[in-house]
Amino acid sequence: MLHPSISSRYTEQRKIYTRLLRLCFTLAGLYWIAIYMLPLEKHAPLRAGQSVIYFILMTLWGLDYQREQKRLTVIINAANAKAIPPCEVEYADVVAHNALFTMITFRRGFWGVFVPLLFGLGLATSIVLLILQYTRLIVSF
C-alpha cells in the first residue's frame with residue numbers, strides 16, 4: 001500500500017492505461033479466432049499485420065513494468081533512508097523522481113513528457129492497427 005500522496009499521483013492513470021493495454025491485447029488475441037475461421041489460403045496476409053501489433057503492445061507492457069519497478073525502487077530507497085516503512089513514504093520524499101509517477105498526464109522534464117507521449121502514441125497506434133486488421137478481416141469474408 002502506498003501513501004495517498006503518492007498513489008493519487010498515478011494510480012488512477014495506471015488503471016486507465018492498463019485497461020486500455022489489456023483491451024488491445026484482448027482484441028489482438030480474439031483476432032486469431034476469427035482468422036482460423038477462414039480458409040487456410042487467406043491466413044498469411046491477415047497474420048502478417050499481427051506481429052507489429054504485438055511488438056508495440058509488448059514494448060508498452062515492458063516499459064510499464066520497468067517504470068513500476070523503478071517507482072518501487074525509489075520508494076524503498078526513500079523508506080530505507082528515512083528508516084520508515086514504504087507505506088509511510090510521502091510524495092515529498094520522492095519528488096525528485098516525479099517523472100516516474102505519471103502515466104498519461106505530462107510532468108516537467110524530458111521523461112515527464114516523453115514517456116506519457118510514448119504510452120499515448122503506442123496505444124493509439126495499436127488501436128488504429130487493430131481497427132485496420134479487423135477491417136481486412138471483414139473484407140476477406
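Nothing here was measured: the structure is a model prediction, and the numbers come from that model. All heavy atoms count here, side chains included; hydrogens, waters and symmetry mates do not.
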Quick check for you: to the nearest 0.5 Å, what is the distance between Leu20 atom CG and Ser126 atom OG? 10.5 Å

For the hydrophobic clusters of this structure (ILVMFWY residues joined by side-chain heavy atoms under 4.5 Å, transitively), does one cluster hold both Leu117 and Ile16? no

What one should report as the nearest heavy-atom pair of Ala78 and Val89 is CB-CG1, 3.9 Å

Show me the donor-acceptor pairs, under 3.5 Å and distance only, between side chains in residues 106-114 and residues at least two apart or in other chains.
unit_1, atom_1, unit_2, atom_2, d
Arg107, NH2, Arg9, O, 3.1
Arg107, NH2, Phe101, O, 3.1

Starting at CD of Glu68, measure out to CG of Leu72 and round the result to the nearest 0.5 Å. 4.5 Å

Per side chain to side chain contact (heavy atoms under 4.5 Å, CB included), Tyr10 is matched among Leu2, Leu100, Asn98 by Leu2

Heavy-atom pair with the smallest gap, counting every atom of Ser5 and Ser8: O-OG, 3.5 Å

Side chains of Val52 and Leu129: closer than 4.5 Å at any heavy-atom pair? yes

Does the side chain to side chain contact (heavy atoms under 4.5 Å, CB included) test come out yes or no for Thr102 and Arg67, once each step is laid out? CA-CA 10 Å; Thr102 186; Arg67 285 177 58 79; 4.0 Å; yes

Is any side-chain heavy atom of Leu137 less than 4.5 Å from a side-chain heavy atom of Tyr134? yes

Taking all non-hydrogen atoms of both residues into account, name the closest pair between Cys24 and Leu123 and its distance. SG-CD2, 4.4 Å

State, with a plain yes or no, whether a side-chain heavy atom of Glu90 is found less than 4.5 Å away from one of Ile6. no

Single-linkage hydrophobic cluster Leu121~Val128, side-chain heavy atoms < 4.5 angstrom: no

Please collect all side-chain hydrogen bond (donor to acceptor under 3.5 Å, both in side chains) contacts where either partner lies in residues 51-64, sequence neighbours excluded, each pair once. Arg14-Asp64, Trp32-Tyr54

Any side-chain to backbone donor/acceptor pair from Gln13 onto Met103? Under 3.5 Å, distance only. yes

Nearest non-hydrogen partners of Gly122 and Ile56, listed with the distance: O-CG2, 3.6 Å

Cluster link Tyr31 to Met37, ILVMFWY, side chain under 4.5 Å: yes

Spacing of CG belonging to Leu130 relative to CG belonging to Leu30, to within rounding of 0.5 Å: 10.5 Å

Sorted by chain and residue number, the salt bridge (Lys or Arg N to Asp or Glu O under 4.0 Å) partners of Glu12 (sequence neighbours excluded) come out as Lys15

Students should find that the hydrophobic cluster of Ile127, defined by side-chain heavy atoms under 4.5 Å apart, otherwise consists of Ile131

Distance (rounded to the nearest 0.5 Å) between Leu23 CG and Leu57 CG: 10.0 Å

Do Phe25 and Leu118 belong together in a cluster built from hydrophobic side chains that touch within less than 4.5 Å? yes

With sequence neighbours left out, write down each residue that passes side chain to side chain donor-acceptor pair (under 3.5 Å) with Arg136, or none if nothing qualifies. Gln133

List the residues meeting side chain to side chain donor-acceptor pair (under 3.5 Å) with Lys82, not counting sequence neighbours, and say none if there are none. Asp93

Shared ILVMFWY cluster between Val95 and Val74, side chains joined below 4.5 angstrom? yes

Are Leu21 and Phe119 side-chain neighbours, meaning at least one heavy-atom pair lies under 4.5 Å? no

